[in-house]
Structures are given as C-alpha cells and as structure tokens.
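In what follows, a structure is listed as structure tokens, so that the remarks can point back to it.
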Amino acid sequence: MLPTLIDAWIDPPRLQMPPGLWASWALWAAPALAIQTAAEEMAFRGYLMQGLAARFRSAWIWWVLPALLFGMLHWDPGTYGPNAWLVMLGVGLTGLLLGDVTARLGNLSAAMGLHFANNAAVLLLVAPPSQLGGLSLWTSAVGPGDPDAFRGLLLGDIATTLLGYACWRLWWAWHRRLHSEGGENI
C-alpha cells in the first residue's frame, strides 16, 4: 500500500467516478468483497491449512502448500503480462503471512480482516488501470500497461507487506511476553 501512496504523491491518481456514485456502488461492493475474502480465507487458511495441519506435522505441507496454491490461483498473464509471476509471488507471500497470523491467533478473524482490507484498498479505493478497477474511486497512474513501472510498484508492495508483517511480529512477541510475565491482560 505504501508504494501506491508514494506513487500517488509523485503522480496523483485520477478520480474515476463521482464520490456519491462510488459510495452507492461501494454499499453493494463492500459486502460482496467481504464474502469473497471470507470464502477464500475459509478455504485456504481454514479448511485446507487446518485440515493439512491435523494430518501432517511438517509446516511445509500445512502452511506453505496452501500459500503456494493461493498464489498460483492468482496467475493471470492476460492482465499482468510479464509481471504475472511477481503478482503470483506477492499473493503467495501474503498467503504465507495470513497463514502465520491464523496459526498464531488460532482463528481466521484477523486473516479475514487483513484480506478484506487489502482487497478493498486495491479494488475499491485506488486501482491500477485494468479490468479489475471498474469500481474503484481513483485510478492510479501506474498499471499493467507499463510493465517496468508496475514491476517497481509490485516490488514496493511486497517490501511494505514484509515490513508490516515484521512490525506485527514484533508487537506479537511483545504482547506474548507481557502476557506470559503476568502483565495486564490485554
């Protein structure tokens, strides 16, 4: 998300539709997006990951395999051209991180919320110029039509995803340590 904000500062996104019209569409799109992201989380981090974890001890099977499948199902060279592999890599990495969040928290709620927030930001707020951005409020200046610039945006997105995850892991370690030392129940 940070690369999108940096890109927006350098080359501001264009308003794609009037805010009132967008809000009327968002009232319908947001619940549909919530259903879609919840269904993906239930399938990948719920049924598949937890089902495999009940049968196999190896995290390579129960944690990595669902994330790889999640990434591969987002392969779309027709939309992303030469950057399709990078989109697949970023989505697979996100699948790994959501799997870790699910395993550490013991439920799907945070993964569902994070997945919804990511997709809402990319599909409903600022979308790259592509067939997937029809309901976004703004259209970014960088999209799949400019493979070099889009690659930089994708690499920046992967880097900020990792940075956000590292911050969450630090917070989680602090929270667990505080809780295990008899600190305040947070």
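Heads up: numbering here begins at 1 and tracks the sequence. Scope of the values below: all heavy atoms of this structure, side chains included, with no hydrogens, waters or symmetry mates.
Note on Ile35: it does not cluster hydrophobically with Leu33, by side-chain heavy-atom contacts below 4.5 Å among ILVMFWY residues. Note on Leu73: it clusters hydrophobically with Trp85, by side-chain heavy-atom contacts below 4.5 Å among ILVMFWY residues. Note: the hydrophobic cluster containing Leu69 also contains Val87 (ILVMFWY, side chain heavy atoms under 4.5 Å, direct or indirect links). There is a path of hydrophobic side-chain contacts, each under 4.5 Å, that joins Met72 to Ile61. Note on Leu15: it clusters hydrophobically with Leu124, by side-chain heavy-atom contacts below 4.5 Å among ILVMFWY residues.
Looking at Gln16, its side chain does come within 3.5 Å of a backbone N or O of Ser136 through a donor-acceptor pair. No donor-acceptor pair closer than 3.5 Å links the side chain of Trp25 to the backbone N or O of Gly20. Looking only at distances, no side-chain donor or acceptor of Thr79 sits under 3.5 Å from a matching main-chain atom of Asp76.
The aromatic rings of Trp174 and Trp171 lie tilted to each other, with the angle between the two planes from 30° to 60°. Taking the six-membered ring where the residue is Trp, Trp172 and Trp168 present parallel rings, their angle staying beneath 30° rather than reaching 60°. Taking the six-membered ring where the residue is Trp, Tyr80 and Phe150 present parallel rings, their angle staying beneath 30° rather than reaching 60°.
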Residues Val126, Leu137; criterion side chain to side chain contact (heavy atoms under 4.5 Å, CB included); working and verdict | CA-CA 6 Å; Val126 181; Leu137 181 58; over 6 Å; no
Would you sort out whether Leu114 and Asn118 count as a side chain to side chain contact (heavy atoms under 4.5 Å, CB included), showing the intermediate values?
-> CA-CA 6 Å; Leu114 290 168; Asn118 178 74; over 6 Å; no
Just do the side chain to side chain contact (heavy atoms under 4.5 Å, CB included) check on Leu135 and Leu123 with the steps written out, would you?
-> CA-CA 7 Å; Leu135 290 176; Leu123 297 173; over 6 Å; no
Audit row: Leu93, Leu162, side chain to side chain contact (heavy atoms under 4.5 Å, CB included) steps and yes/no = CA-CA 9 Å; Leu93 175 66; Leu162 289 170; 3.7 Å; yes
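A distance of 15.5 Å separates CZ of Arg57 from CG of Leu52, quoted to the nearest 0.5 Å. For the atom pair CD of Glu41 and CE of Met49, the computed distance is 9.5 Å after rounding to the nearest 0.5 Å. Rounding to the nearest 0.5 Å places CD1 of Ile158 at 4.5 Å from CG of Leu86. Considering CD of Glu40 and CG of Leu48, their distance stands at 12.5 Å, rounded to 0.5 Å. Asn83 CG to Leu155 CG: the interatomic distance, rounded to the nearest 0.5 Å, is 8.0 Å.
Residue pairs meeting the salt bridge (Lys or Arg N to Asp or Glu O under 4.0 Å) criterion with at least one member in residues 136-148, sequence neighbours excluded, are Asp148-Arg151. Counting only residues at least two apart or in different chains, ring-ring contact (aromatic ring centres under 6.0 Å, His included) contacts with residues 45-67 are absent.
For the pair Pro144 and Pro129, the tightest heavy-atom approach, listed with the atom from each and the gap, is CD-O, 3.5 Å. Listed here is the closest heavy atom pair of Gly133 and Ala127: CA-CB, 3.5 Å. The minimum heavy-atom distance linking Leu125 with Trp22 is given by the pair CD2-CZ2, 3.8 Å. The two residues Gly134 and Met17 make their nearest non-hydrogen contact at O-CE, 3.5 Å. Residues Ala67 and Gly95 share a closest heavy-atom pair of CB-C, 3.7 Å. Between Gln50 and Arg45, the shortest heavy-atom contact is NE2-O, 3.2 Å.
Met88 has its side chain out of reach of His74: every pair of non-hydrogen atoms, C-beta onward, lies at least 4.5 Å apart.
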Under 3.5 Å, sequence neighbours excluded: what are the donor-acceptor pairs made by side chains of residues 99-109?
from   : atom 1 : to     : atom 2 : distance (Å)
Asp100 : OD1    : Arg104 : NE     : 2.9
Asp100 : OD2    : Arg104 : NE     : 2.9
Asp100 : OD2    : Tyr165 : OH     : 2.3
Thr102 : OG1    : Leu98  : O      : 2.9
Asn107 : OD1    : Ser109 : N      : 3.0
Asn107 : OD1    : Ser109 : OG     : 2.5

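When ring centroids are compared, Phe44 and His115 stay outside the 6.0 Å threshold.
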